[in-house]
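Chain letters run A, B, ... following the sequence lines, proteins first and then strands; every chain starts at 1.
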Number of protein chains: 2
Amino acid sequence: MTVTLADVAARARVSPATVSRVLNGNYPVAASTRERVLRAVDDLDYVLNGPASSLAAATSDLVGILVNDIADPFFGIMAGAAQTQIGGPGDGSGRAGGEKLAVICNTGGSPERELTYLTLLQRQRAAAVVLTGGAVEDPAHQAAIAAKLAKLADAGTRIVFCGRPPLPEGDALVAALAFDNRGGGRRLTEHLISLGHRRIGYVAGPPERTTTRHRLEGHREALRAAGAVEEGGTAEGAEAEDRLTVHGPYDRRSGYEATLELLRRAPDVTAIVAANDTVALGACAAVRDQGMRIPQDISVAGFDDLPFSVDAVPALTTVRLPLFEAGARAGRLAMGKENPPPGGIATIAAELMIRGSTAAPRG
Amino acid sequence: MTVTLADVAARARVSPATVSRVLNGNYPVAASTRERVLRAVDDLDYVLNGPASSLAAATSDLVGILVNDIADPFFGIMAGAAQTQIGGPGDGSGRAGGEKLAVICNTGGSPERELTYLTLLQRQRAAAVVLTGGAVEDPAHQAAIAAKLAKLADAGTRIVFCGRPPLPEGDALVAALAFDNRGGGRRLTEHLISLGHRRIGYVAGPPERTTTRHRLEGHREALRAAGAVEEGGTAEGAEAEDRLTVHGPYDRRSGYEATLELLRRAPDVTAIVAANDTVALGACAAVRDQGMRIPQDISVAGFDDLPFSVDAVPALTTVRLPLFEAGARAGRLAMGKENPPPGGIATIAAELMIRGSTAAPRG
DNA sequence: CTGTTAGCGCGTTCAC
DNA sequence: GTGAACGCGCTAACAG
């Protein structure tokens, strides 16, 4: 029923080994022989049996890309970019030569599903795995993931982090591309402070995530440096900080509700910083629904600079992360097309984008 | 170095076949034996060899999901939804039982890459393939895809279309979930006409795509039914229609530039309909940059009702497509958890969402 | 319910 | 430059 290597060999009047060599292009083969084999392949519509090939070679052409939420363009952009570097250009014939199969796995932000996917990828003997986005900080999960990654690396799977801080143990087994979330968060709030804001609400992401923590830390660093709040070390300072911070998921609804809550807790806030652009959009909606104008009555800022942020009205002040470039680089690292950064870790700069949604507070 | 089934069997003092049976859960095994085997698996940190297993079983646990552009939430939402139905809930142990590996493949809208991915999936002996989004209408590619799908189906791969019209030949080998793009487009333009609009610009998607064509056809149906333009059959009618239509990719920039072009060609348009919400956002930006207000000076409408559309200012009138539900259903069809619709094809309704970006034309 | 026996289709030594 | 032989790790019949 299904055509095998042996069938092709018979038709081309060569041995199966020769067909294999032609297909993989790893050994010298006479041009005339190669020609004959390729013709037989086309005639028979032969398609290599991936599992058999992977079994014999002890490695597959699968590359996994793990994302927290594929419906979020933040991840979509990175994953798509990584795939452009992995899938290969294709030769237009649809014949599929030595391409890798880049596959995106949606963890939904759940550490369990992340582990499950890693196991599935391990089972497939994946050639490489790219982990994108912030990590959950629970020590048990950290350890479980680290152990799993160690096993994968041990089996020859290349590991790349993209937009994710390196493991605490600083394993040499991964290349890590980390976003400067802390620095970006700091500069964003510094901008607000320089405009004259002092009471700034913060809609944070889910607790226990590195991205959430780093962005929030940057924000508070800026606040403290400006003396806008007392040192977090003091009871008063910590309390004030907590009162102006609300946590929630990275979605629009969370931004809406958290903003309402902030406005209730502290009606005198003059600015709201959101954990990301999607959340910021929800915050904007909430502000408007309360009958306030942006930025005249209240400033709003986001993070990431997703494509839609420039089209918000007013355009959203935010922190630009080079998601596409980072994803593409991660893809190249996964393919071994590019050397890992020195020390295995590179920090990717975040750029402040000042637009219409922030202005000086009134009065 | 790597632990195999035989190692587990030895440690559990059973035969390899028994271990296989426990792992796959397809045959009855005594509880005590199962217990012993599972303990051995955990002790040894055993992970099944996917390729070997697929080779022997002649089928793999891979399910492919093809999308045009994963950075676009339109696809991200569908793909993520499909994955929730395929990945299995996971048992929280990260052990990965009988789960399928749902993988998203980004074709970039290129038919060649689509074919390449299908070949790759065929090579992996994928259990199922879900194709999302509109198809390219070039007959050569249609035929190539149809032939490839036939071969996949022949090899036992289940084929599901999601948001994509069924193949012309109407093969019984696929289950198709098609969006009512034509009906949605018609109702949207009927809404505009009922508000009093007669000169309506249309920013269409790329030519030769089913989605583009169907939405545009719906638009023109409404126009003709209202007598807003002469019959397309006449030279005058066709010319007028063409003058008020600009094609471009499904992105923000295209919406911006096409709108500028439309405004140049026909400064008296009172409304602009965009091929989708992302394009509509670009259209809004162009309208504003020309110093006009939405909807007072000009109405704008989109399609899809992506999450950000309700947060546009003013909120975008659009056509809601149940992307998540459709993706989830496609996932279930791919898993064989749900019976195919009668005739193999189901049309999914599109719902008109009237919001602030459309109003009666002035004067 | 469990063990034994054959391959699944291909990559890779070796020889020639 | 090419062919022959072996084994990758597992599942699927069969027995028992």
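Annotation: the span from B/L66 atom CG to B/F75 atom CZ amounts to 10.5 Å, rounded to 0.5 Å.
In this structure, the CG atom of B/L55 is 17 Å from the P atom of D/dG7, given to the nearest Å. Rounded to whole angstrom, the span from the CG atom of B/D61 across to the C1' atom of D/dT11 amounts to 14 Å. B/L44 has its CG atom 14 Å from the P atom of D/dG9, to the nearest Å.
Across B/V8, B/D7, B/T4, a single residue satisfies side-chain contact (heavy atoms from CB on, under 4.5 Å) together with B/V19, and that is B/V8.
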Shorter than 3.5 Å, N or O on both sides, protein versus nucleotides 10-14 of chain C: list them out with atom names.
{"unit_1": "C/dC10", "atom_1": "OP1", "unit_2": "A/Y46", "atom_2": "OH", "d": "2.0"}
{"unit_1": "C/dC10", "atom_1": "OP2", "unit_2": "A/L5", "atom_2": "N", "d": "2.4"}
{"unit_1": "C/dG11", "atom_1": "OP1", "unit_2": "A/N24", "atom_2": "ND2", "d": "3.2"}
{"unit_1": "C/dG11", "atom_1": "OP1", "unit_2": "A/S53", "atom_2": "OG", "d": "3.4"}
{"unit_1": "C/dG11", "atom_1": "OP2", "unit_2": "A/S20", "atom_2": "OG", "d": "2.7"}

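Contacts classified as salt bridge (Lys or Arg N to Asp or Glu O under 4.0 Å) and involving residues 44-60 of chain A (residues at least two apart or in different chains) are given here: A/D45-B/K151.
No donor-acceptor contact under 3.5 angstrom links the side chains of A/T119 and A/T116, judged on distance only. Looking at A/S15 and A/T18, their side chains do bring a donor and an acceptor atom within 3.5 Å of each other. In this model, no donor atom of one side chain and acceptor atom of the other lie less than 3.5 Å apart for B/E114 and B/N68.
Sequence order on DNA chain C of the closest nucleotides to B/A31 and A/P51 puts B/A31 first from the 5' end.
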